Every structure is written in structure tokens, then in C-alpha cells.
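What follows is a single structure, written as C-alpha cells, with notes after it.
Computed from a prediction, not measured in an experiment: that's the story for all the values here.
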Amino acid sequence: MSDQQNSAAEQLFEKALDIAEKHLEMAMKEGGTLNVEGSPFSGYVAIAMIEAAVNQAVEVAGHEDIADMLRDLAEQIEADAEDEE
């Protein structure tokens, strides 16, 4: 993939991320602060949205591509946690 294609893909992803974050915030607000066994319900809404998104992504892109992307995301999360320590 060329640098120009990479840049365009990154811009599209950033726009998609902005849209997803807005919808996630709305869904979490809709979930409110109800508690399920002492835990904020909105947290469950966020995890459920991740699962729903992954399931739909697998249908579009296939399980191998999505699994690779999730591994990359997990590595980023772990690296960020290490940076915070």
C-alpha cells in the first residue's frame, strides 16, 4: 500500500473512530448509572458494543483479519499501560 493510500486509510479510520466514540457515549448515557451487582451498567454497554462490532466486522472482513487487528489493539493497550507505570 502506498503512503498516500495509508494516509487516506488512516484518515478514514480516524473519522470512523470519532463516529463510534460519539455513539458509544450516547449508548453509555442511555445505560445510565444503573448498577448490576455493584458495577456501572454503562460499562457493560461499552463491552457489548465491542462484541457487536467485532461480530459484524468478522462477517465483513473475516475472522483472521479481525483477530489480527484485535491483537494489535491489545498490544497498544498493554504498551499504554506500561507507559503509565
Side-chain angles (χ1 to χ4, degrees):
M1 195 181 293
S2 72
D3 288 342
Q4 187 176 13
Q5 288 173 321
N6 262 346
S7 178
E10 287 174 11
Q11 288 176 350
L12 287 173
F13 183 80
E14 288 301 318
K15 182 171 179 64
L17 187 57
D18 287 343
I19 292 168
E21 286 175 346
K22 288 176 189 173
H23 286 277
L24 175 59
E25 287 173 13
M26 290 181 351
M28 290 177 72
K29 285 178 185 175
E30 183 178 332
T33 57
L34 300 175
N35 289 327
V36 177
E37 297 180 16
S39 297
F41 182 67
S42 63
Y44 288 98
V45 171
I47 296 301
M49 288 189 75
I50 292 168
E51 183 172 347
V54 167
N55 290 340
Q56 288 186 14
V58 166
E59 288 180 19
V60 173
H63 72 280
E64 289 179 9
D65 288 340
I66 300 306
D68 287 343
M69 293 175 75
L70 290 172
R71 282 186 202 98
D72 290 344
L73 179 58
E75 289 173 8
Q76 289 175 21
I77 292 167
E78 290 173 353
D80 289 347
E82 288 174 7
D83 289 345
E84 290 177 6
E85 294 173 357

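- Applying the side chain to side chain donor-acceptor pair (under 3.5 Å) test to pairs two or more places apart or on separate chains, none has a residue in residues 50-62.
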Would you mind writing out the side-chain donor-acceptor pairs for residues 8-26 within the sub-3.5 Å range, not counting sequence neighbours?
none

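- Taking hydrophobic clusters as Ile, Leu, Val, Met, Phe, Trp and Tyr residues chained together by side-chain heavy-atom distances below 4.5 Å, I50 shares a cluster with M69.
- For V58, the side-chain contact (heavy atoms from CB on, under 4.5 Å) criterion is met by V54, H63, I66, not counting sequence neighbours.
- Not counting sequence neighbours, the partners of D68 by the salt bridge (charged side-chain N to carboxylate O under 4.0 Å, His left out) test are R71.
- Sorted by first then second residue, the salt bridge (Lys or Arg N to Asp or Glu O under 4.0 Å) pairs that include residues 72-85, not counting sequence neighbours, number zero.
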